[in-house]
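Here the structure is laid out as structure tokens; the discussion comes afterwards.
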Amino acid sequence: MQYWLLKTDAESYSIDDLKRDGTTPWTGVRNYQVRNYMRDQMRVGDKGFVYHSSTAEPAIVGICQVASGPIPDETALDPKDSHYDPKATPANPIWYCVEVKYVKHLKRPIPLAELRKTKGLEKMGILQKGSRFSITPVTEKEWKIINDLI
DNA sequence: GCCAACGTTGGC
DNA sequence: GCCAACGTTGGC
């Protein structure tokens with residue numbers, strides 16, 4: 001089993017939205033590296049941190065779980081969707097996503113600033129300068145360290 | 001709202 | 001296939 005960190009803009013889709021929906025396809029990713037994680041590496045049962053970006057205090061706020069294998073990202077095929085990609089077709093969807101299931105809120109959000117200060121997390125994708133990947137792998141060690149912060 | 005970082009696009 | 005310009009992300 002692997003661990004992940006899934007970034008989301010709380011304004012557009014928050015952990016509360018995920019709780020309400022229960023399970024949701026993680027659509028809208030238009031970065032090849034991140035698509036490849038979802039298409040090739042994420043497995044049903046993998047766990048992930050849910051991270052809110054672009055808020056007053058960016059933070060890890062909850063835990064989710066991968067609930068499906070790769071499926072075509074429907075938003076790429078929908079001309080009305082803001083993530084529409086005219087090059088995508090049903091035969092060659094280009095963009096894939098996985099379904100993500102709500103597990104729980106953390107007892108308290110863990111702010112980015114705290115992650116930065118915590119020993120052993122220096123290599124986390126989320127902490128790298130200019131990292132733009134909305135999904136990054138988390139090592140088992142990092143997963144444990146963060147769970148111990150709660 | 002600013003701006004650094006960086007992936008993507010497109011002209012050549 | 002290089003690389004400048006562009007657009008977007010996201011922390012501050």
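Only heavy atoms go into these numbers, but all of them, side chains included; no hydrogens, no water, no symmetry mates. Treat the numbers as computed from the prediction; the structure is a model and nothing was measured.
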**Report entry** Euclidean distance, atom NE2 of residue A:His83 to atom C1' of B:dT8 [Å, nearest integer]
**Finding:** 17 Å

**Report entry** Euclidean distance, atom OH of residue A:Tyr37 to atom P of B:dG7 [Å, nearest integer]
**Finding:** 12 Å

Requested in this report: Among A:Val50, A:Val34, A:Ile60, A:Ile126, find the one that has a side-chain contact (heavy atoms from CB on, under 4.5 Å) with A:Lys7.
Outcome: A:Ile126

Report task. Tell me, yes or no, whether the heavy-atom count around A:Glu99 atom CD, taken from other residues, nucleotides or ligands under 6.0 Å, exceeds 12. Result -> yes

Query raised in the report: Tell me: CG of A:Asn31 to C1' of C:dG10, nearest whole Å?
Result: 14 Å

Query raised in the report: Is the shortest side-chain N to carboxylate O distance from A:Arg20 to A:Asp17 below 4.0 Å?
Result: yes

Query raised in the report: Reckon A:Asp9 touches a base, only the sugar-phosphate, or nothing at all at heavy-atom distances under 4.0 Å?
Result: nothing

Report task. Evaluate the ring planes of A:Trp26 and A:Tyr13, with Trp represented by its six-membered ring, and classify them as parallel (under 30°), tilted (30 to 60°) or perpendicular (over 60°). Result -> perpendicular

Query raised in the report: Roughly how many Å is it from CH2 in A:Trp95 to P in B:dT8, rounded to a whole number?
Result: 7 Å

**Report entry** For atom CZ of A:Phe133 and atom P of B:dT8, their distance in whole Å
**Finding:** 8 Å

Requested in this report: Give the rounded distance in Å between these two atoms: NZ of A:Lys87 and C1' of B:dT9.
Outcome: 9 Å

Query raised in the report: Do any side-chain nitrogens or oxygens of A:Tyr32 fall under 4.0 Å of OP1 or OP2 in B:dC6?
Result: no

Query raised in the report: Considering only C:dG7, C:dG11, B:dT8, which nucleotide approaches the side chain of A:Arg116 most closely?
Result: C:dG11

Requested in this report: Calculate the interatomic distance between A:Gln33 atom CD and C:dT8 atom P; express it in whole Å.
Outcome: 21 Å

Query raised in the report: A:Arg116 and A:Leu127: which non-hydrogen atoms are nearest, and at how many Å?
Result: NH1-O, 3.4 Å

Report summary line: Of the listed C:dG11, B:dT8, C:dG7, the closest approach to the A:Arg132 side chain comes from C:dG7

Requested in this report: Select one nucleotide: of B:dA5, B:dT8, C:dG11, the one nearest the side-chain heavy atoms of A:Lys129.
Outcome: B:dA5

Query raised in the report: What's the CD-C1' distance between A:Glu11 and C:dG11, to the nearest Å?
Result: 15 Å

Query - C:dG10 OP1/OP2 closer than 4.0 Å to side-chain N/O of A:Lys7 - result: yes

